[in-house]
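Notes follow once the structure below has been shown.
Just so it is clear: chains get the letters A, B, ... in the order the sequence lines come, proteins before strands, and each one is counted from 1. Nothing here was measured: the structure is a model prediction, and the numbers come from that model.
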Amino acid sequence: MDPRAFRLNAAPERPGGEYVLYWAQANRRVEANHALLFAAEAANRLRLPLVYYEFLTCDYPQANDRLHTFILEGVPETARRLRQAGVGHVFHLRRRISEPLDSLHWMAGKAALVVTDDYPAFVARRHNETIPSTLDVACIAVDSSCVVPTRLFEKREWAAYSIRPKIHRLLPQYLKPLPALHVARRWEAPPPPFHTEVSENRVGALVAECQIDHSVAPSISFRGGRLAAEKRLRHFLEHNLRRYASERNEPAAHATSNLSPYLHFGHISALEIALAAREYAAEHKLIADEFLEELIVRRELAFNFTLHTPHYNSLRALPEWARQTLREHAADRRSPCYSREDFERARTHDALWNATQKELLLRGKIHGYYRMYWGKKVIEWSRTAQDALETMIYLHDRYALDGRDPNTYANILWLFGLHDRPWSERPVFGKVRYMSLEGMRRKTNVDAYIREIDHLERTGKDPFCT
DNA sequence: ATCGGCTCGCGCAA
DNA sequence: TGCGCGAAGCCGAT
């Protein structure tokens, strides 16, 4: 059995099914998609056409214009590439909460087999835990997110050092290009009545029709979709890979890939990025090790963490030393102490912190290095650790294009000690690692970053993050 | 500017 | 059983 494939129910394949269904949840792309390829292989074996089905509902937590726009921007290119490959494309935009139609059961009712994404967080995790038992057809989840199939690691890893050698041992086997998508039988039937055709110039109008929170504007910096992802990757390889190791922790230098939004929605895969980085590095005599470490080892440590942790978004998921030290400092005085609204509106005494929060509000992500500072300060200035956690998850759910991801939860809990070690004791944090404004000033150009974010705020344009 | 201590527990060698 | 060392640091001594 394919180590990426995981059976979600005990129902058999449906004899007389009209197609094999791929339900895209977390990996909304045609290229380098293990789950789609798995479904295509099954379709060819059963001599059936293949249908790629995706939906966008309006009732997931914090559904808003920013997230909807990014997802919808990806749909037209997906549709084009599927049409070219002879694969059916069905997109259901559920505009109103009251809309009763259950398009998934409608689609699954005619399918010989349902294949979906194995994804350990947010709504996809809940879907995969609850929906397959309500289907009367075999349902299989396939991991297309990780380079090394995440279920090969059967227990929760302690830290990066414990999973790193295991991943490196398996990379020769898995860091390889995938075959092209090929279906023997083309999909010819008309789309079902609930299908919505999306064109680039209709995205805004469709978003406006949805019963979602219209108060969070789309990102001023990131446009969704495959073409935007490919452009970002190209730009990263040509301009940033060579300086990634030395400048990745200097936010004003813009040496990072900015691919996390596309990775989160699956518009591009870690496998494709890793292969492209390795190839570019070989051609140009560069070292891509530091980038691949973050892209593969740390990202897949986060997947390992969420997969093996029932409460992956809770302080209960922390190692015992961290839980205990936070308990011991629960009554420490917080000064200053801010509310969720203070944080959300970037109203603190700290100009760097406010700039990081404004970056989240405007761009929809925070530079990885400053995101640590952002989070450490939310802990320092919140009434309790639990409040801090809830504030950070809320802000990521609502504003971050790379939120709701295994990386998000692992990164947020890292701020409380996950995958880290104890350090010398101090107020509020106990033995959890502390970060200071002085440290940021010492190591990064804080003023250049503040000026940059100020420019974004004044102009609503982002000439820096290209 | 640079260095060591802080402090826990996993993973592995012995 | 003992030892080395870890996802991004801080602080005080030199």
Problem set entry | Pairwise P distance for B/dC10 and C/dG9, with rounding to whole Å | 24 Å

Seminar exercise, completed: When rounded to the nearest 0.5 Å, the distance separating CD1 of A/I268 from CG of A/N27 is 12.0 Å

Exercise. Among residues 310-317 of chain A, which residues get a heavy atom nearer than 4.0 Å to DNA chain B?
Worked result: none

Seminar exercise, completed: Note: contacts of residues 358-389 of chain A with DNA chain C (heavy atom, under 4.0 Å) are A/Y369, A/M372

Problem set entry | Lys/Arg N to Asp/Glu carboxylate O, A/R451 vs A/D447, below 4.0 Å | no

For this session: Answer yes or no: is there an ion pair linking A/D143 with A/R151, defined by an N-O contact shorter than 4.0 Å?
Result: no

Using a cut-off of under 3.5 Å, enumerate the N/O to N/O pairs linking the protein to nucleotides 11-14 of chain C.
from   : atom 1 : to     : atom 2 : distance (Å)
C/dC11 : OP1    : A/R426 : NH2    : 3.0

Exercise. About how many Å separate CD of A/E425 and NZ of A/K431, when rounded to the nearest 0.5 Å?
Worked result: 5.0 Å

Exercise. Taking 4.0 angstrom as the limit, do A/D59 and A/R94 come out as a salt bridge?
Worked result: yes

Exercise. Taking atom types as modelled and ignoring hydrogens, do the side chains of A/N354 and A/T348 form a donor-acceptor contact shorter than 3.5 angstrom?
Worked result: yes

Seminar exercise, completed: Contacts satisfying salt bridge (charged side-chain N to carboxylate O under 4.0 Å, His left out) that involve residues 396-413 of chain A (not counting sequence neighbours) are A/D213-A/R398, A/E344-A/R398, A/R371-A/D402

For this session: Would you give the length of the straight line joining atom CZ of A/R433 to atom CH2 of A/W414, rounded to the nearest 0.5 angstrom?
Result: 5.0 Å

Exercise. Using 4.0 Å as the upper bound for N to carboxylate O, is an ion pair formed by A/E272 and A/R226?
Worked result: yes

Exercise. So, A/R80 and A/E200, do they make that salt bridge, N to O below 4.0 Å?
Worked result: yes

For this session: Round to the nearest Å and state the distance from A/R248 atom CZ to C/dA7 atom P.
Result: 12 Å

For this session: Could you tell me the separation between the CH2 atom of A/W158 and the CG atom of A/L301, rounded to the nearest 0.5 Å?
Result: 12.0 Å

Could you tabulate the donor-acceptor pairs under 3.5 Å formed by side-chain atoms of residues 166-175 of chain A, not counting sequence neighbours?
from   : atom 1 : to     : atom 2 : distance (Å)
A/K166 : NZ     : A/E157 : OE1    : 3.3
A/K166 : NZ     : A/E157 : OE2    : 2.9

Problem set entry | Contact under 4.0 Å: A/K443 side-chain N or O vs C/dG9 OP1/OP2 | yes

Problem set entry | Which residues share a ring-ring contact (aromatic ring centres under 6.0 Å, His included) with A/Y161, sequence neighbours left out | none

Exercise. Can you tell me which stems DNA chain B forms when a stem means 3 or more consecutive Watson-Crick or G-U pairs under 3.5 Å?
Worked result: B:1-6 with C:9-14, B:8-13 with C:1-6

Grab the N/O contacts between the protein and nucleotides 10-12 of chain B below 3.5 Å, and write none if there aren't any.
from   : atom 1 : to     : atom 2 : distance (Å)
B/dC10 : O4'    : A/Y161 : OH     : 3.4

Exercise. Would you call A/D350 and A/K377 a salt bridge, using N to O less than 4.0 angstrom?
Worked result: no

Problem set entry | Contacts of type ring-ring contact (aromatic ring centres under 6.0 Å, His included), residue A/H419, not counting sequence neighbours | A/F305

Could you go through nucleotides 1-7 of chain B and list every protein N or O atom that sits under 3.5 Å from one of its N or O atoms, giving the distance for each pair?
from  : atom 1 : to     : atom 2 : distance (Å)
B/dT7 : O2     : A/P422 : O      : 2.8

Exercise. Going from CH2 on A/W374 to CE on A/M435, what distance comes out if it is rounded to the nearest 0.5 angstrom?
Worked result: 13.5 Å

Problem set entry | salt_bridge(A/R126, A/E129) N-O dist < 4.0 Å | no

Problem set entry | Partner set under ring-ring contact (aromatic ring centres under 6.0 Å, His included) for A/Y280, not counting sequence neighbours | A/H284

Exercise. Salt-bridged, A/E250 to A/K443, with N to O below 4.0 Å?
Worked result: no

Exercise. Does the pair A/E320/A/R327 count as a salt bridge with the N-to-O cut at 4.0 Å?
Worked result: yes

Exercise. Among residues 322-338 of chain A, which contact DNA chain C at a heavy-atom distance under 4.0 Å?
Worked result: none

